[in-house]
Amino acid sequence: MPAESVDPDHKAFLDDYVGRLHRATAVDDGIFARISATRASWLRTRERGGRVIFIGNGGSAGIASHLAIDLAKNASVPALCFSDASMMSCLANDYGFEDWIAHAVRLNARAGDCLVAISSSGRSKNILNAVTQARKMKLDVITLSGMNADNPLRNLGDVNFWVDSRSYNIVETTHQFWMMAAIDLVIGRAEYPAS
Ligand SMILES: O=C(CO)[C@@H](O)[C@H](O)[C@H](O)[C@H](O)COP(=O)(O)O
């Protein structure tokens with residue numbers, strides 16, 4: 001089959017898929033206000049000598065890692081994520097999987113830091129417990145969730161993003177888009193060299 005011709009079933013699937021992505025990523029003033037508030041939170045964090053800490057599981061852990069390096073390198077806002085396998089296995093083994101991120105926050109965060117908690121379902125216990133720990137330590141909290149409108153993560157932050165989709169990949173892609181927009185808003189440009 002020539003590369004230009006598309007299986008009609010695939011076209012129908014992809015048309016629907018792209019429609020879902022467009023609906024999820026459609027922006028309004030509410031989303032713009034949240035992205036602007038995220039920028040302000042990150043700049044306040046930097047001014048008081050803090051760091052932005054990104055957390056997530058699975059695909060969201062990958063997004064957390066990408067956001068942390070881009071915010072630090074491209075926008076000069078100190079940022080990190082918990083991706084060290086030895087630390088993760090130690091804390092999960094010693095305290096349980098549902099509490100390992102809370103303990104990573106306890107050990108690594110300070111008052112004045114900002115926690116960005118990413119969970120597509122908004123239901124992962126280790127993310128919810130980490131937010132509770134962050135609140136105890138007086139961190140700012142930004143949440144990103146999706147799926148059910150009443151998921152428990154959705155209202156726990158100072159700034160809360162929610163994607164109206166039940167597709168993991170659409171929710172994750174939208175989270176990444178919003179956070180990348182916030183990073184580029186800090187920089188003030190959409191285009192810049194890598195170094
Ligand atoms: O990327 C995906 C699904 O697309 C998976 O890796 C997904 O992130 C994992 O199943 C996570 O454990 C789901 O947790 P959460 O985002 O709902 O908190």
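As the structure lists them, so they are numbered: ligands from 1, and atoms in each ligand from 1. Positions are given from 1, in the same order as the sequence printed here.
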Okay, side chain of [X], backbone of [Y]: is any donor-acceptor separation there less than 3.5 Å?
{"X": "S124", "Y": "N126", "result": "no"}
{"X": "N151", "Y": "G146", "result": "yes"}
{"X": "R154", "Y": "G122", "result": "no"}

Name the atoms and distances for all side-chain donor-acceptor pairs under 3.5 Å in residues 178-195, with sequence neighbours left out.
from: D184; atom 1: OD1; to: Y192; atom 2: OH; distance (Å): 2.4

Please report, to 0.1 Å, the donor-acceptor pairs under 3.5 Å made by any side chain of residues 78-88, with sequence neighbours excluded.
from: D84; atom 1: OD2; to: S86; atom 2: N; distance (Å): 3.3
from: D84; atom 1: OD2; to: M87; atom 2: N; distance (Å): 2.8

Report, one line per pair, each donor and acceptor closer than 3.5 Å where one atom sits in a side chain of residues 101-110; sequence neighbours left out.
from: H103; atom 1: ND1; to: R106; atom 2: NE; distance (Å): 3.1
from: H103; atom 1: ND1; to: R106; atom 2: NH2; distance (Å): 3.1
from: N108; atom 1: ND2; to: A104; atom 2: O; distance (Å): 2.8

ask   = Can you name the residues that come within less than 4.0 Å of ligand 1, going by heavy atoms only?
value = N57, G58, G59, S60, S119, S120, S121, S124, Y168, N169, E172
